[in-house]
Every structure is written in structure tokens, then in C-alpha cells.
Undergrad: 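A single structure is presented below for examination.
Here, residue 1 is the first one in the sequence, and each next residue gets the next number. Both counts, for ligands and for their atoms, begin at 1 and track the order of listing. No hydrogens, no waters, no symmetry mates; every other heavy atom, side chains included, goes into these values.
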Amino acid sequence: MTTMQTTLPTADDIRDRVRVALQAIGADVPLGEPGQPGLQASTPITGDVLFTVAENTAEEADAAIAAAAEAFTAWRTTPAPVRGALVARLGELLIEHKADLATLVTVEAGKITSEALGEVQEMIDICQFAVGLSRQLYGKTIASERPGHRLMETWHPLGVVGVITAFNFPVAVWAWNTAVALVCGDTVVWKPSELTPLTAVACQALIERAAHDVGAPGTVSRLIQGGREIGETLVDDPRVALVSATGSVRMGRQVGPRVAARFGKALLELGGNNAAIVTPSADLDLAVRGIVFSAAGTAGQRCTTLRRVIAHRSVVDTVVERVVTAYRSLPVGDPSAEGTLVGPLIHERSYRDMVGALEQAEADGGEVIGGEHCAIGGELGAGAYYVRPAVVRMPAQTAVVHDETFAPIVYVLTYDDLDEAIALNNAVPQGLSSAIFTTDVREAERFMAADGSDCGIANVNIGTSGAEIGGAFGGEKQTGGGRESGSDSWKAYMRRATNTVNYSSELPLAQGVQFG
Ligand code: NAD
């Protein structure tokens with residue numbers, strides 16, 4: 001099998017694909033020539049700038065927030081199942097335009113076609129979840145200690161939700177937030193990654209069309225484009241009740257305290273440093289497949305990417321040998337070409353970070369296998385960065401292993417007993433995803449117990465990536481503590497009121513207090 005392509009599409013080919021997809025979606029936005037003022041929409045496939053997309057000013061961001069705040073005054077009292085009709089229509093449009101949107105995801109984020117289609121499927125899934133939710137926004141009734149009293153909780157919309165998203169899930173994370181926020185009665189202002197403005201334009205066209213089709217105000221979901229400064233308008237504006245921010249820990253450190261300073265709510269989905277423990281009883285066929293998909297998929301650019309394998313001394317050599325063998329046959333190249341499994345890194349900085357991390361790991365006594373640059377379509381510096389995924393055997397969990405390097409590097413550590421493995425799993429500052437490969441039910445249960453993995457996701461016999469809609473997604477510690485996309489995560493998008501109703505003709509006080 002050939003594992004490296006030697007040709008890439010031309011920038012003009014890619015521009016044509018973008019035009020066709022945007023036209024099919026009905027996103028009628030002016031696209032400028034590269035180099036004009038505005039956001040430079042580029043592709044990691046070739047490294048070329050494709051178009052210029054208009055960047056919003058602070059005044060325009062302010063106007064978008066004002067429009068969403070105004071729309072909220074009517075949307076909050078629209079019955080939730082009626083709000084659900086808008087999300088249902090969005091879901092239908094996503095089904096219709098699944099391939100078009102996936103094309104744009106591949107162009108801007110460099111995902112292979114299957115993963116790009118999977119990302120759009122996740123949007124469809126969250127729409128369906130949210131439509132069901134629109135008839136299930138339950139509050140509790142609680143037994144009152146006072147006769148003739150009813151005690152209950154009601155849930156109400158929050159207001160404007162500011163959504164800030166990362167480049168690596170350019171459309172799904174918007175949908176996770178927007179579908180749920182809209183059925184909860186909130187309105188949305190979205191600031192996508194500056195690296196993915198074209199997918200954002202396409203999503204905005206679809207939500208506006210859905211709103212038009214069901215007679216909802218188009219201003220319930222707004223888009224503002226730009227970099228960090230435009231994101232900061234959402235962070236600092238008191239009209240934005242909740243800031244849902246997805247990205248690096250560095251970004252979360254800036255956003256979290258600023259939102260807290262104005263007593264706003266923040267939902268943070270930040271970086272991960274995910275590990276899989278491979279025990280002596282593990283089904284190694286399964287473990288190796290799980291490791292390869294989680295560590296090399298999306299070229300190591302998922303928040304849930306497997307970054308550490310913690311293997312028992314009795315199996316570690318076999319695991320490394322089999323993963324390295326699998327890596328050698330992974331086709332690296334154009335993500336839009338059939339058969340490719342590993343696409344490009346997003347940009348040069350990611351590549352430099354990967355090289356730096358591998359050098360540091362080697363200096364720390366690590367043995368690096370793979371990780372070479374693949375000079376597809378030109379030498380380094382041509383603007384596209386394709387790499388072979390790397391396996392690094394480490395003598396210890398040094399500082400470089402504690403960092404999230406957003407590239408396909410998996411560090412392999414060795415353990416002797418399960419307590420040690422769990423301690424290694426938990427020793428990093430992030431707490432997103434984790435897994436154990438075992439056929440021993442005691443080990444599996446221990447891993448998921450209170451003294452087991454400290455992560456928001458703890459899997460058994462599957463890898464760390466590829467979560468499905470339905471379960472709450474998110475992580476602990478520096479990952480930020482947010483939960484999205486399933487279970488009762490909708491509660492983050494609403495406010496709770498506790499109501500005590502006295503239907504008696506007496507006025508008994510709680511705790512038996514007598515007053516006059
Ligand atoms: P990034 O932090 O560079 O940028 C994310 C977004 O935040 C962008 O839209 C950016 O413009 C904005 N931003 C940055 N600083 C800001 C500030 N001070 N105020 C307001 N907005 C600001 O992240 P990235 O490189 O696009 O994405 C990769 C990172 O995202 C990785 O760390 C990855 O683990 C993480 N991620 C986490 C999840 C999750 O659910 N936990 C999902 C996807 C990605």
C-alpha cells in the first residue's frame with residue numbers, strides 16, 4: 001500500500017469546490033481576492049489563502065449582540081416546542097447539505113472526508129437531541145414542609161449566549177451550543193475561529209434559512225467574524241449572559257476570569273491530555289485499533305486525541321510494535337482524496353510545536369519513532385504541513401508530556417500496578433478524556449470509580465476520542481469543567497427559579513419560626 005500521496009489539488013481546484021459548496025448551501029457572501037483587507041480564508045491542504053472574508057468591527061459586534069438581545073425578548077416566551085421547530089428545520093437542512101458542509105470542513109480544517117462527514121452528522125444528531133429536549137425541559141416538584149404549600153423549580157431562558165469556537169471542530173461545536181441554546185429560549189452570537197470563516201458563513205446561511213422557513217426571527221442566531229478582539233466583545237458585554245468558549249487552556253485562562261469579573265456565566269471546553277491504560281488482560285487487537293484511531297485520527301488535532309498510552313510492563317513492547325507497524329501503513333496526504341487517513345496539520349506553528357515537543361522528549365530520554373515531515377507537493381515552507389504520526393517511548397512523565405501539543409504524538413509510559421497507572425493518568429493538569437483496555441471487570445470498575453480516572457470521560461475498551469451525542473461532553477481541571485451536548489447539560493443554558501406557592505389561608509414560616 002502506498003502511504004504517502006505525492007500530489008495535491010491546486011488552490012484553484014479548492015476554490016472551485018468552495019464556491020460550489022457555498023452556492024449549494026445558499027451562502028451568498030462576497031468573497032474577496034487573497035490579500036485584501038479582512039480574514040484570510042486559507043486551506044491547510046496546500047497552505048494557500050483562498051479568499052478574503054469580511055471581518056467584523058467592534059461596532060458591528062455590538063450591533064449583533066444588540067439584535068440578539070432584542071430577539072431574546074420575544075424568543076424567551078415562544079413555547080419551547082415551537083422553538084424546537086426551528087432546530088428541526090436546521091437539522092433537515094443539514095441532512096440535505098451534509099456533503100457540501102463536509103467539503104468546507106475538509107478545506108478549512110483539513111479533516112479527511114469521512115471525519116468531516118462525521119462532524120456534520122454530529123450536528124444533525126444534536127439537532128434531533130435538542131428537538132426532543134424542547135418537550136423535556138423539566139423542573140422538579142419538591143415536598144414542602146409546610147401544609148398547603150407547593151415547592152417547585154422552574155427553568156427559564158438565560159439571554160444571549162456568546163459562542164466562541166476552535167478551528168478543529170469548526171461546525172459541530174457551534175451546533176452543540178446553538179441547537180440547545182435555541183430550544184432553551186436563548187439567542188446566540190457566534191464568534192468562530194479566525195481559521196475557519198467559510199464554514200461559519202455556511203452555517204449562518206443554513207440557520208437563517210431555517211428561521212425563514214419556520215417564521216422565526218433571523219436574529220435569534222448571529223455570526224461575528226474576527227480574531228481574539230472580536231471574541232473579547234462577547235466576553236466583556238454584560239448583555240451576554242453565558243459565554244460558551246471552546247479552545248486552548250490559554251484562551252480559557254483569559255476568558256474565564258473576565259466573564260467571572262462581571263458575574264457572567266462561562267462554559268469552558270478547553271484542552272485535553274488524554275490517556276489510555278492497557279492492562280495485561282486487554283484484547284490487544286481492540287486496544288491497538290482504538291489507540292491508532294484516537295492518536296492519529298484528525299492528525300492528532302482533537303481535544304480528545306490520545307496523547308498518552310500507559311501500558312503494563314508485560315504488554316508494552318507488543319503494543320508499541322503493533323502501533324508502529326499500523327502507523328507505517330497509514331496513508332498520509334490530501335484529506336479529500338479517497339483512502340487518506342491522516343491529513344495535514346493546521347499551520348506551520350503546529351508543525352513547529354510538534355518538532356519542538358519531539359526534540360524535548362528526546363532530550364528527556366524518550367525514543368521517538370515516526371514524526372517525520374512528509375514533503376507532499378513541495379518542501380517544507382511551501383505552506384502545507386503533513387507529518388507521520390509519532391510514537392515516543394518515555395522513561396517518565398516529564399513536563400513535555402504534561403503539555404497538550406496539538407499534533408499526532410503519542411507518548412508511551414510503562415506501569416507495574418493499576419494504582420500507578422491511574423496515578424499517571426491523573427497526574428496531568430488537564431482532565432478531559434481517558435480509557436482503559438481490560439477484560440477484567442474489577443479493573444474496569446476501579447477505573448470508573450471515585451478513586452479512578454479524574455476525567456470527564458472515562459471509557460472502557462474504546463479509545464479516548466469519538467464521543468457521541470447524548471452523553472454530557474466535557475472535562476475537569478484545566479479542561480474547564482464545562483459540559484455540553486447531552487444529558488442535563490441544557491441546564492447551563494437556563495436559569496433556575498425556586499417557587500414556593502401557598503394555597504392555604506395560613507402563613508406558616510419555614511423551620512417553625514414564630515413571628516408575632
Ligand atoms: P484557541 O484557543 O487558539 O482559539 C479558540 C477560539 O478562541 C478562537 O475562536 C479564538 O479566536 C478565540 N480566542 C482566543 N483568545 C481569546 C480571548 N482572549 N478572548 C476571546 N476569544 C479568544 O484554540 P484553537 O487552536 O482554535 O483550538 C485548539 C484547542 O481547542 C486545543 O487546545 C483543543 O484541545 C481545544 N478544544 C477543546 C474542545 C473541548 O470540547 N474541550 C473542543 C475542541 C477544541
Undergrad: Might you point out which heavy atoms bring Ala205 and Gly26 nearest each other, and give the distance in Å?
TA: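 Between these two residues, the closest heavy atoms are CB-O, 4.0 Å.
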Undergrad: May I ask you to establish whether Lys265 and Tyr493 are in a cation-pi arrangement, using a distance under 6.0 Å from NZ or CZ to the six-membered ring centre and at most 45° from the ring axis?
TA: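 Because its charged atom misses either the 6.0 Å distance or the 45° angle limit, Lys265 does not stack over Tyr493.
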Undergrad: Give me the ring orientation class for Phe167 and His347: parallel if the planes are under 30° apart, tilted from 30 to 60°, perpendicular past 60°.
TA: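 The rings of Phe167 and His347 sit tilted, inter-plane angle from 30° to 60°.
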Undergrad: Before signing off on this row, confirm whether Arg302 and ligand 1 have an N or O atom pair separated by under 3.5 Å.
TA: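 It does not: no N or O of Arg302 is found under 3.5 Å from an N or O of ligand 1.
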Undergrad: Who's the nearest protein heavy-atom neighbour of atom 36 (N) of ligand 1, and how far?
TA: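 Checking every protein heavy atom, the shortest distance to atom 36 (N) of ligand 1 gives Cys303 CB, 3.6 Å.
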Undergrad: Is Arg495 salt-bridged to Asp186, cutoff N-O under 4.0 Å?
TA: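 Looking at Arg495 and Asp186, the cut-off is not met.
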Undergrad: Ignoring hydrogens and angles, state whether a donor on the side chain of Thr464 or Asn274 is under 3.5 Å from an acceptor on the partner side chain.
TA: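 The answer is no; no qualifying pair exists.
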Undergrad: Look up atom 41 (N) of ligand 1 and tell me if a protein heavy atom lies less than 4.0 Å from it?
TA: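 Under the 4.0 Å cut-off, atom 41 (N) of ligand 1 does have protein heavy-atom neighbours.
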Undergrad: Taking all heavy atoms of Arg388 and all of Met354, pick out the closest pair and write down the distance.
TA: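 Taking Arg388 first and Met354 second, the nearest heavy atoms are O-CE, 3.8 Å.
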Undergrad: How far is atom 8 (C) of ligand 1 from the closest protein heavy atom, and which atom is that?
TA: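 Answer, as residue, atom name and distance: Thr165 O, 3.3 Å.
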Undergrad: Should you measure from each heavy atom of Gln254, which atoms of ligand 1 turn up under 4.0 Å away?
TA: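 By the 4.0 Å cutoff, the relevant atoms are 15 (N), 16 (C), 17 (C), 18 (N).
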Undergrad: Ignoring hydrogens, what is the shortest heavy-atom contact between Val120 and Ala102? Give both atom names and the distance.
TA: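 Heavy-atom minimum between the residues: CG2-N, 3.8 Å.
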Undergrad: I'd like to know if the side chain of Asn168 pairs up with that of Arg302 as donor and acceptor (distance under 3.5 Å, no hydrogens or angles considered).
TA: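 Not at all, the side chains of Asn168 and Arg302 share no donor-acceptor pair under 3.5 Å.
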Undergrad: Search all heavy atoms of Leu330 against all heavy atoms of Leu341 and return the closest pair with its distance.
TA: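 Here Leu330 and Leu341 meet closest at CD2-CD1, 3.8 Å.
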Undergrad: Below 3.5 Å, N or O to N or O, backbone or side chain included: is there any such pair between Thr246 and ligand 1?
TA: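 By distance alone, the answer is no.
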Undergrad: Show the atoms of ligand 1 that are less than 4.0 angstrom away from any heavy atom in Phe406.
TA: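 Going through ligand 1 atom by atom, the ones under 4.0 Å from Phe406 are 28 (C), 31 (C), 33 (C), 34 (O).
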Undergrad: In the protein, which heavy atom is nearest to atom 20 (C) of ligand 1, and how far is it?
TA: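 It is Gly231 C, 3.6 Å.
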Undergrad: Look at atom CD of Glu468 and say whether more than 12 heavy atoms of other residues, nucleotides or ligands are closer to it than 6.0 Å.
TA: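 No, the 6.0 Å shell around CD holds no more than 12 heavy atoms from other groups.
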Undergrad: Please determine if Glu194 has a nitrogen or oxygen closer than 3.5 Å to a nitrogen or oxygen of ligand 1.
TA: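 It does: an N or O of Glu194 is found under 3.5 Å from an N or O of ligand 1.
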Undergrad: Tell me whether Trp176 has any N or O atom under 3.5 angstrom from an N or O of ligand 1.
TA: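 Such a contact does not occur with ligand 1.
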Undergrad: Find all atoms of ligand 1 within a distance of less than 4.0 Å from any non-hydrogen atom belonging to Pro192, and give their numbers and elements.
TA: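 Near Pro192, the atoms of ligand 1 are 9 (O).
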Undergrad: Measure from the side-chain N and O atoms of Arg209 to the backbone N and O of Ile25, and report whether any donor-acceptor pair falls under 3.5 Å.
TA: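 It does hold such a pair.
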Undergrad: Which ligand 1 atoms does Glu232 reach within 4.0 Å, using its non-hydrogen atoms?
TA: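 This gives 18 (N), 19 (N), 20 (C) as the contact atoms.
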Undergrad: Compute the minimum heavy-atom distance from Ala245 to ligand 1 and say whether it is under 4.0 Å.
TA: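 Distance cut 4.0 Å: Ala245 fails for ligand 1.
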Undergrad: Should one rank Ala200, Gly247, Ala166, Gly226 by closest heavy-atom distance to atom 35 (C) of ligand 1, which comes out on top?
TA: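 Nearest option to atom 35 (C) of ligand 1, by heavy atoms: Gly247.
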Undergrad: State whether Asp236 and Arg262 are salt-bridged, where the test is any N-O pair (Lys NZ or Arg NE/NH1/NH2 against Asp/Glu carboxylate O) under 4.0 Å.
TA: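 No.
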Undergrad: Does any N or O atom in Asn168 lie less than 3.5 angstrom from one in ligand 1, N or O only?
TA: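 Among all N and O atoms of Asn168, none is under 3.5 Å from an N or O of ligand 1.
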Undergrad: Starting from atom 24 (P) of ligand 1, find the nearest protein heavy-atom neighbour and note its residue, name and distance.
TA: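 Among all protein heavy atoms, the one nearest atom 24 (P) of ligand 1 is Phe167 CD2, 3.7 Å.
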Undergrad: With heavy-atom distances below 4.0 Å as the criterion, list the atoms of ligand 1 near Leu270.
TA: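 Counting atoms of ligand 1 from 1, those under 4.0 Å from Leu270 are 37 (C), 39 (C), 41 (N).
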Undergrad: Just distances here: any N/O of Met251 and N/O of ligand 1 closer than 3.5 Å?
TA: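 The answer is no, given that Met251 and ligand 1 share no N or O pair closer than 3.5 Å.
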Undergrad: Between Phe473 and Trp176, does the ring centre distance come in under 6.0 Å?
TA: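 Between Trp176 and Phe473, which both carry aromatic rings, the centre distance is below 6.0 Å.
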Undergrad: Considering only protein heavy atoms, which is closest to atom 1 (P) of ligand 1, and at what distance to one decimal place?
TA: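 Of every protein heavy atom, Ser248 OG, 3.7 Å lies nearest to atom 1 (P) of ligand 1.
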Undergrad: Specify the protein heavy atom at minimum distance from atom 32 (O) of ligand 1: its residue, its atom name, and the distance to 0.1 Å.
TA: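 Closest protein heavy atom to atom 32 (O) of ligand 1: Glu404 OE1, 2.7 Å.
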Undergrad: Any atoms of ligand 1 less than 4.0 Å from a non-hydrogen atom of Ser193? List them with their elements.
TA: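 Near Ser193, meaning under 4.0 Å from one of its heavy atoms, ligand 1 has 9 (O).
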Undergrad: Which ligand 1 atoms does Lys191 reach within 4.0 Å, using its non-hydrogen atoms?
TA: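 Matching atoms, with element in brackets: 8 (C), 9 (O), 10 (C), 11 (O).
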Undergrad: What about Ile164: any of its N or O atoms under 3.5 Å from an N or O on ligand 1?
TA: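 N/O-N/O distance below 3.5 Å does not exist for this pair.
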Undergrad: Would you say Arg250 touches ligand 1, if touching means a heavy atom closer than 4.0 Å?
TA: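 Per 4.0 Å heavy-atom rule, Arg250 contacts ligand 1.
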Undergrad: Going by side chain to side chain donor-acceptor pair (under 3.5 Å), name the residues that satisfy it together with Thr479, two or more places apart in sequence or in a different chain.
TA: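 Partners of Thr479 by the side chain to side chain donor-acceptor pair (under 3.5 Å) criterion come out as none, since no residue qualifies.
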